[in-house]
Amino acid sequence: MTAITYELLHIDKNSGARRGIVHTPHGDIETPVFMPVGTLATVKAMSPEELKEDVKAQIILSNTYHLYLRPGHELIKEAGGLHKFMNWDKPILTDCGGFQVFSLSALRKITEEGVEFTSHLDGSKHLFTPEKVIEIEEALGADIIMSFDECCEYPSEYEYTKKSMERTTRWAERCKKAHTTENQGLFGIIQGGFYEDLRKQSVEDLKKLDFPGYAIGGISVGEPKEEFLKILRYTTPLMPENKPRYLMGVGSPDYLIEAALSGIDMCDCVLPTRLARHGTALTSKGKLVIRNAEFERDWKNLDEECDCYTCKNYTRAYLRHLIKTNEILGMRLLSLHNLRFLTKLMERVRIEIENDNLLNFRKEFYEKYGYDKII
RNA sequence: GGGUAGGUGGUCGAGUGGUUAAUGGCACCAGACUGUAAAUCUGGCCGUGAGAGCGUACGUUGGUUCGAAUCCAACCCUACCCA
């Protein structure tokens, strides 16, 4: 009995999109799902109650690297694990620090053994090996844990990408060997940059390791949308059908719909919460930079189609005022709305898959949102 | 009435003879943001012009000088102290 299993409910006859359930020790996840990111054991500006009751989040992410540095995984283990520590009793997924290999590229050095980081906090040196990452993730106690990978930047040369991908596979094997807990599911991460043959090789090699779920890493790193879609549409169908498929780091509405269409079950992203803190709202009619002067006397709510607490109670003018004055409530209300916008979008996506109608929904959504073309 | 300090672009505040349309901060106006070093970052911010440029500008008026926000004089105003 593995900790994580996937139940396929329906496949959209017209697109191949999947409607399913991921079973975890902390409950079921209806998929496709959007997962809010809570790097430091908190989805910035949101309480767990708000995430459950208002956002209707089913699962959230946390980060191995950041929690290892502060407050330390041992402390969280002592607290009884991440769920208890942060008062979240639903599923959690911990990212492995692979993205930090990418985003902290100036502060790290990669070898076969692992990655040596210079802490961005105090300059201290830390070695992350696959074994160390698993030790940390087991201490944190998330339901789904990710194997240690390297997320390559875009663009990267073929030879480097190949070596990096093969090393990521070796690291995945070491992660699997190091993994001991039975109540956590370890996912493998597919790499290979923007080269189809490398993606194919990565999937095939990782499949042999028989992980309970697989993720696509290393895309949505600054490439054009065409490149993103090319790799997404090429790679997803190669992934096992009886296991969850997770696309890492994707969160704009169009990317989420494209991911679902290609057969992805899970996505996560910091975008909605970051945009919110920076004063931008996602709506059914496109992005609103609510900080801008045009909303000074706009007495409408953010999105007439939204059912969130923010939209039920507050005007654009008030939200603009809060953001302009740097009030905490402004970031909170926008974060709540943006997260709810995406979870509601995915609720709709799930219904459209059940009705074999996701392709039509995409067209309708794009037109209203203001995306100019379907690629 | 006397004394002292001071009046700079929306604001606070640098700048004490030329390279100054004038450092910075804030405010304001935009843009970016996709497994969070992010309540962050980037750009704009006198007028006009696509631009080189041109015009106007450091309380007011006058003066010194090749050249003044910067030096001199008078005046106006502000703050504090004394009467």
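None of these values were measured; they are calculated from a predicted model. Chain letters run A, B, ... following the sequence lines, proteins first, then strands; residues in each count from 1.
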A.B. asks: With His10(A), which residues qualify under ring-ring contact (aromatic ring centres under 6.0 Å, His included), at least two apart?
C.D. replies: none
A.B. asks: Is Leu75(A) atom CG crowded by more than 12 heavy atoms from other residues, nucleotides or ligands, each under 6.0 Å away?
C.D. replies: yes
A.B. asks: Hydrophobic cluster membership, with links at side-chain heavy-atom distances under 4.5 Å among I/L/V/M/F/W/Y: are Leu104(A) and Leu127(A) in one?
C.D. replies: no
A.B. asks: Kindly write out the residues that satisfy ring-ring contact (aromatic ring centres under 6.0 Å, His included) with His83(A), not counting sequence neighbours, or none if the list is empty.
C.D. replies: His26(A)
A.B. asks: With sequence neighbours left out, write down each residue that passes ring-ring contact (aromatic ring centres under 6.0 Å, His included) with Trp171(A), or none if nothing qualifies.
C.D. replies: Phe148(A)
A.B. asks: Do Tyr214(A) side-chain atoms and Leu206(A) backbone N/O form a donor-acceptor pair below 3.5 Å?
C.D. replies: yes
A.B. asks: Tell me whether the rings of Phe128(A) and Phe117(A) are parallel (<30°), tilted (30 to 60°) or perpendicular (>60°).
C.D. replies: perpendicular
A.B. asks: Aromatic contact between Phe102(A) and Phe99(A), with the criterion being ring centroids under 6.0 Å apart: yes or no?
C.D. replies: yes
A.B. asks: Give me the distance, rounded to whole Å, that separates A5(B) from G59(B) when you measure between the C1' atoms they each carry.
C.D. replies: 16 Å
A.B. asks: Are Tyr68(A) and His73(A) close enough that their ring centers fall under 6.0 Å?
C.D. replies: yes
A.B. asks: With sugar-phosphate meaning primed atoms plus P, OP1 and OP2, does Glu258(A) contact a base, only sugar-phosphate, or nothing at under 4.0 Å between heavy atoms?
C.D. replies: nothing
A.B. asks: Is there a donor-acceptor contact under 3.5 Å from the side chain of Lys285(A) to the main chain of Glu304(A)?
C.D. replies: no
A.B. asks: Under 4.0 Å, heavy atom to any atom of RNA chain B: which of residues 89-106 of chain A qualify?
C.D. replies: Asp95(A), Cys96(A), Phe99(A), Gln100(A), Ser103(A), Leu104(A)
A.B. asks: Contacts to RNA chain B from residues 261-271 of chain A, heavy-atom cutoff under 4.0 Å, which residues?
C.D. replies: Asp268(A), Cys269(A), Val270(A), Leu271(A)
A.B. asks: Suppose clustering is done on Ile, Leu, Val, Met, Phe, Trp and Tyr with side-chain heavy atoms closer than 4.5 Å. Which residues sit in the same group as Leu61(A)?
C.D. replies: Ile4(A), Tyr6(A), Leu8(A), Ile11(A), Val22(A), Ile29(A), Val33(A), Met35(A), Val37(A), Ile59(A), Leu93(A), Ile144(A), Met146(A), Phe187(A), Ile189(A), Tyr246(A), Met248(A), Met266(A), Val270(A)
A.B. asks: Mapping Val250(A) and Asn326(A) to their closest nucleotides on RNA chain B, which lands nearer the 5' end?
C.D. replies: Val250(A)
A.B. asks: Using a cut-off of strictly less than 4.0 Å between a heavy atom of the residue and any atom of RNA chain B, enumerate the qualifying residues of residues 275-286 of chain A by number.
C.D. replies: Leu275(A), Arg277(A), His278(A), Thr280(A)
A.B. asks: With a 4.0 Å cut-off on N to O distance, would you call Arg332(A) and Glu50(A) a salt bridge?
C.D. replies: yes
A.B. asks: Is Arg348(A) paired with Glu352(A) through a side-chain N to carboxylate O contact shorter than 4.0 Å?
C.D. replies: yes
A.B. asks: Say you pick atom P in C28(B) and the same atom in U11(B); how far apart are they, in whole Å?
C.D. replies: 15 Å
A.B. asks: Does Asn338(A) use its side chain to pair, donor to acceptor, with the backbone of Thr273(A) at less than 3.5 Å?
C.D. replies: no
A.B. asks: Looking at residues 207-222 of chain A, who's got a heavy atom less than 4.0 Å off RNA chain B?
C.D. replies: Gly218(A), Ser220(A)
A.B. asks: When rounded to the nearest Å, what value does the distance between P atoms of C41(B) and G9(B) take?
C.D. replies: 28 Å
A.B. asks: Have a look at Ile323(A) and say if it touches a base, only the backbone sugar-phosphate, or nothing, with a 4.0 Å heavy-atom cut-off.
C.D. replies: nothing
A.B. asks: What's in the same ILVMFWY side-chain cluster as Met165(A), cut-off under 4.5 Å, chained through other members?
C.D. replies: Tyr158(A), Tyr195(A), Leu198(A)
A.B. asks: Take atom NZ of Lys207(A) as the centre, draw a 6.0 Å sphere, and report whether it contains more than 12 heavy atoms from other residues, nucleotides or ligands.
C.D. replies: yes
A.B. asks: Are Arg340(A) and Asp54(A) ion-paired here, with the side-chain N under 4.0 Å from a carboxylate O?
C.D. replies: no
A.B. asks: Can you get from Val349(A) to Ile21(A) by hopping between Ile, Leu, Val, Met, Phe, Trp and Tyr side chains that sit under 4.5 Å apart?
C.D. replies: no
A.B. asks: State the dot-bracket string of RNA chain B. Criteria: Watson-Crick or G-U wobble, both atom distances under 3.5 angstrom; notation: ( ) intrastrand, [ ] crossing earlier pairs, | interstrand, . unpaired.
C.D. replies: ((((((((.[[[..)..(.....]]].(((((.......))))).(((....)))...[[[[[..)....]]]]]))))))).
A.B. asks: First and last nucleotide of RNA chain B in contact with chain A, 5' to 3', at under 4.0 Å to a heavy atom: what are they?
C.D. replies: C28(B) to U40(B)
A.B. asks: For residues Phe228(A) and Phe194(A), establish whether the separation of their ring centroids is below 6.0 Å.
C.D. replies: no
A.B. asks: Provide the distance between the two C1' atoms, one in A50(B) and one in G62(B), to the nearest whole Å.
C.D. replies: 42 Å
A.B. asks: In whole Å, what separates the C1' atom of U61(B) from that of G7(B)?
C.D. replies: 16 Å
A.B. asks: Under 4.0 Å between a side-chain nitrogen and a carboxylate oxygen: does that hold for Asp210(A) and Lys243(A)?
C.D. replies: yes
A.B. asks: Taking only the C1' atom of each, what is the distance from A69(B) to G15(B) in whole angstrom?
C.D. replies: 8 Å
A.B. asks: Taking the same atom, C1', in G49(B) and in A21(B), what whole-Å distance lies between them?
C.D. replies: 16 Å
A.B. asks: For residues 25-46 of chain A, which residues have at least one heavy atom under 4.0 Å from RNA chain B?
C.D. replies: Val37(A), Thr39(A), Lys44(A)
A.B. asks: Please determine which of Arg19(A), Gln58(A), Arg350(A) meets the side-chain hydrogen bond (donor to acceptor under 3.5 Å, both in side chains) test together with Glu30(A).
C.D. replies: Arg19(A)
A.B. asks: Base, sugar-phosphate alone, or nothing: which one does Asn292(A) contact when heavy atoms must sit under 4.0 Å apart?
C.D. replies: sugar-phosphate
A.B. asks: Is the charged tip of Lys225(A) near the ring of Tyr371(A): under 6.0 Å from the six-membered ring centre and within 45° of its axis?
C.D. replies: yes
A.B. asks: Give Leu107(A) one of three labels, base, sugar-phosphate or nothing, depending on what nucleic acid heavy atoms sit under 4.0 Å from its own.
C.D. replies: base
A.B. asks: When the C1' atoms of C58(B) and A68(B) are considered, how many whole Å apart are they?
C.D. replies: 11 Å
